[in-house]
Enquirer: 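One structure follows; several queries about it will come next.
Counting starts at 1 for both ligands and their atoms, in listed order. Hydrogens, waters and symmetry mates are skipped; everything else that's a heavy atom, side chains included, is used. Only a predicted model underlies this, so the values are computations on that prediction, with no experimental measurement involved.
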Amino acid sequence: MEKLVDEGKAKSIGVSNFNAAQVARILKVARVKPVLNQVECHAYFQQRKLERVLLKDNIRLMAYGPIGSPGSTAALTVPGESPPPVLLADPVIAKLATKYQKTPAQILIRNLLQRELIVIPKSVTPSRIRENGNVFDFELSPEDTAVIENIDTDQRMFKYHIMVHAPDFPFNIPV
Ligand SMILES: NC(=O)c1ccc[n+]([C@@H]2O[C@H](COP(=O)([O-])OP(=O)(O)OC[C@H]3O[C@@H](n4cnc5c(N)ncnc54)[C@H](OP(=O)(O)O)[C@@H]3O)[C@@H](O)[C@H]2O)c1
């Protein structure tokens, strides 16, 4: 990847699903350091600790699954466990959606943007793509962002359980 940057074929390098120890490890050897780490991040899994670790090295956190990945429930369900919670149906988020006259998805996306994270909601539905982009005409108050901070459960939805025994599996440690 560094060679691609040298050759002008890539502008910068990003990593994904790296834990804090893996970020530290790559920074020790990188000549071109990664500019971002793409990880699961949403109101139920806010990644505040990893965010702080990354900030120290000026690495941005890119939030995947920002509205709770409602289309992936089957894939995310670990056999024998309950399916992941439906973030879009959270009552706290629903209340804020009513207050700001926005949709739950817009509240969730706006909250991550106000944390200055990079947010990548995905949709194949044109109306939802427009909806998800329509988040720049309102601002959540500090009191309301604090309310959202309180619904963090610190539980991943993306457990990648089939890879749990892989070398360097990143989620065996908390951050
Ligand atoms: N690096 C990784 O390991 C990793 C892991 C997971 C995801 N990602 C990436 O992160 C991005 C987003 O993650 P994600 O797709 O899992 O999660 P997401 O953006 O939280 O959720 C996407 C799902 O929500 C639905 N949706 C989108 N906007 C909506 C809205 N306004 N109201 C109701 N439903 C809405 C979509 O349905 P429709 O498409 O049917 O509209 C889709 O099923 C993707 O680009 C993905 O490739 C990376």
Enquirer: Provide the closest heavy-atom pair for R60 versus L117 in the form atom of the first, atom of the second, distance.
Expert: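 Closest pair (atom of R60, atom of L117, distance): NH2-C, 4.3 Å.
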Enquirer: Around atom 2 (C) of ligand 1, find the nearest protein heavy atom and jot down its residue, atom name and distance.
Expert: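 Nearest neighbour among protein heavy atoms for atom 2 (C) of ligand 1, to 0.1 Å: Y64 CE2, 3.2 Å.
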Enquirer: Have a look at ligand 1 and work out which part of S16, if any, has a heavy atom under 4.0 Å from it: side chain, backbone, both or neither.
Expert: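 Contact part for S16 vs ligand 1: side chain (C-beta onward).
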Enquirer: So does N172 have more than 12 non-hydrogen atoms from other groups sitting under 6.0 Å from CG?
Expert: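 Check passes, neighbour count above 12.
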Enquirer: What residue and heavy atom of the protein are closest to atom 14 (P) of ligand 1, and at what distance?
Expert: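 For atom 14 (P) of ligand 1, the nearest protein heavy atom is S69 OG, 3.5 Å.
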Enquirer: With heavy atoms under 4.0 Å as the rule, classify the contact between A105 and ligand 1 as side chain, backbone, both or neither.
Expert: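 Only the side chain of A105 comes within reach of ligand 1.
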Enquirer: Look at atom 13 (O) of ligand 1 and say which protein heavy atom is nearest, naming residue and atom and giving the distance to 0.1 Å.
Expert: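 Answer, as residue, atom name and distance: G65 N, 3.2 Å.
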Enquirer: Is atom 46 (C) of ligand 1 less than 4.0 angstrom from some protein heavy atom?
Expert: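 Under the 4.0 Å cut-off, atom 46 (C) of ligand 1 has no protein heavy-atom neighbours at all.
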Enquirer: Any chance CD of Q101 has more than 12 other-residue heavy atoms, nucleotides or ligands included, within less than 6.0 Å?
Expert: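 Result for CD/Q101: open.
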Enquirer: Looking only at heavy atoms, is any part of N17 under 4.0 Å from ligand 1, and if so is it the side chain, the backbone, or both, or is it neither?
Expert: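 For N17, only side-chain atoms sit under 4.0 Å from ligand 1.
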Enquirer: For I162, does the CD1 atom have more than 12 heavy-atom neighbours from other residues, nucleotides or ligands under 6.0 Å away?
Expert: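 Not buried by this count: 12 neighbours or fewer within 6.0 Å.
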Enquirer: Among all protein heavy atoms in this structure, tell me which lies nearest to atom 32 (N) of ligand 1, with the distance rounded to 0.1 Å.
Expert: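 Its nearest protein heavy-atom neighbour is R128 NE, 3.7 Å.
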Enquirer: Looking at the rings of F158 and Y64, which for Trp means the six-membered one, are their centres under 6.0 Å apart?
Expert: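 Ring centroids of F158 and Y64 are less than 6.0 Å from each other.
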Enquirer: Can D154 and Y44 be counted as having a side-chain donor-acceptor contact under 3.5 angstrom?
Expert: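 Not at all, the side chains of D154 and Y44 share no donor-acceptor pair under 3.5 Å.
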Enquirer: Kindly check if the number of other-residue, nucleotide or ligand heavy atoms within 6.0 Å of CD (E81) is above 12?
Expert: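 Yes, because the 6.0 Å sphere around CD of E81 holds more than 12 heavy atoms from other groups.
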Enquirer: For atom 23 (C) of ligand 1, what's the nearest protein heavy atom and its distance?
Expert: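 In this structure, atom 23 (C) of ligand 1 has P70 CD, 3.6 Å as its nearest protein heavy atom.
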Enquirer: Taking heavy atoms and a distance under 4.0 Å, where does K122 meet ligand 1: side chain, backbone, both or neither?
Expert: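 Both parts.
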Enquirer: Please list the nearest protein heavy atom to atom 35 (C) of ligand 1 with its residue and the distance rounded to 0.1 Å.
Expert: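 For this ligand atom, the closest protein heavy atom is I67 CD1, 3.4 Å.
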Enquirer: For atom 48 (C) of ligand 1, what is the closest protein heavy atom, and at what distance to 0.1 Å?
Expert: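 Scanning the protein heavy atoms, the shortest distance from atom 48 (C) of ligand 1 goes to Q38 OE1, 3.1 Å.
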Enquirer: Using 30° and 60° as the class boundaries, would you call the ring planes of H42 and F45 parallel, tilted or perpendicular?
Expert: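 It falls in the tilted class, 30° to 60°.
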Enquirer: Short N/O distance, under 3.5 Å, between S72 and ligand 1?
Expert: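 Between S72 and ligand 1, no N or O pair is found under 3.5 Å apart.
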Enquirer: Can you report which non-hydrogen protein atom sits closest to atom 11 (C) of ligand 1, along with the distance?
Expert: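 Checking every protein heavy atom, the shortest distance to atom 11 (C) of ligand 1 gives I120 O, 3.2 Å.
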Enquirer: Could you please spell out the steps behind the salt bridge (charged side-chain N to carboxylate O under 4.0 Å, His left out) verdict for D152 and R48?
Expert: CA-CA 10 Å; D152 193 358; R48 302 273 174 181; 5.4 Å; no
Enquirer: For C41 versus L112, what's the shortest heavy-atom pair and its separation?
Expert: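 Where C41 meets L112 most closely, the heavy atoms are O-CD1, 3.7 Å.
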Enquirer: Give a yes/no on ligand 1: does T103 have at least one heavy atom closer than 4.0 angstrom to it?
Expert: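 Contact check T103 vs ligand 1: negative.
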Enquirer: Give the atoms of ligand 1, by number and element, whose distance to some non-hydrogen atom of P121 is under 4.0 Å.
Expert: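 Numbered from 1, ligand 1 contributes 19 (O).
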Enquirer: Which of these, V124, N132, L87, has its nearest heavy atom closest to atom 39 (O) of ligand 1?
Expert: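 When every heavy atom of V124, N132, L87 is considered, V124 comes closest to atom 39 (O) of ligand 1.
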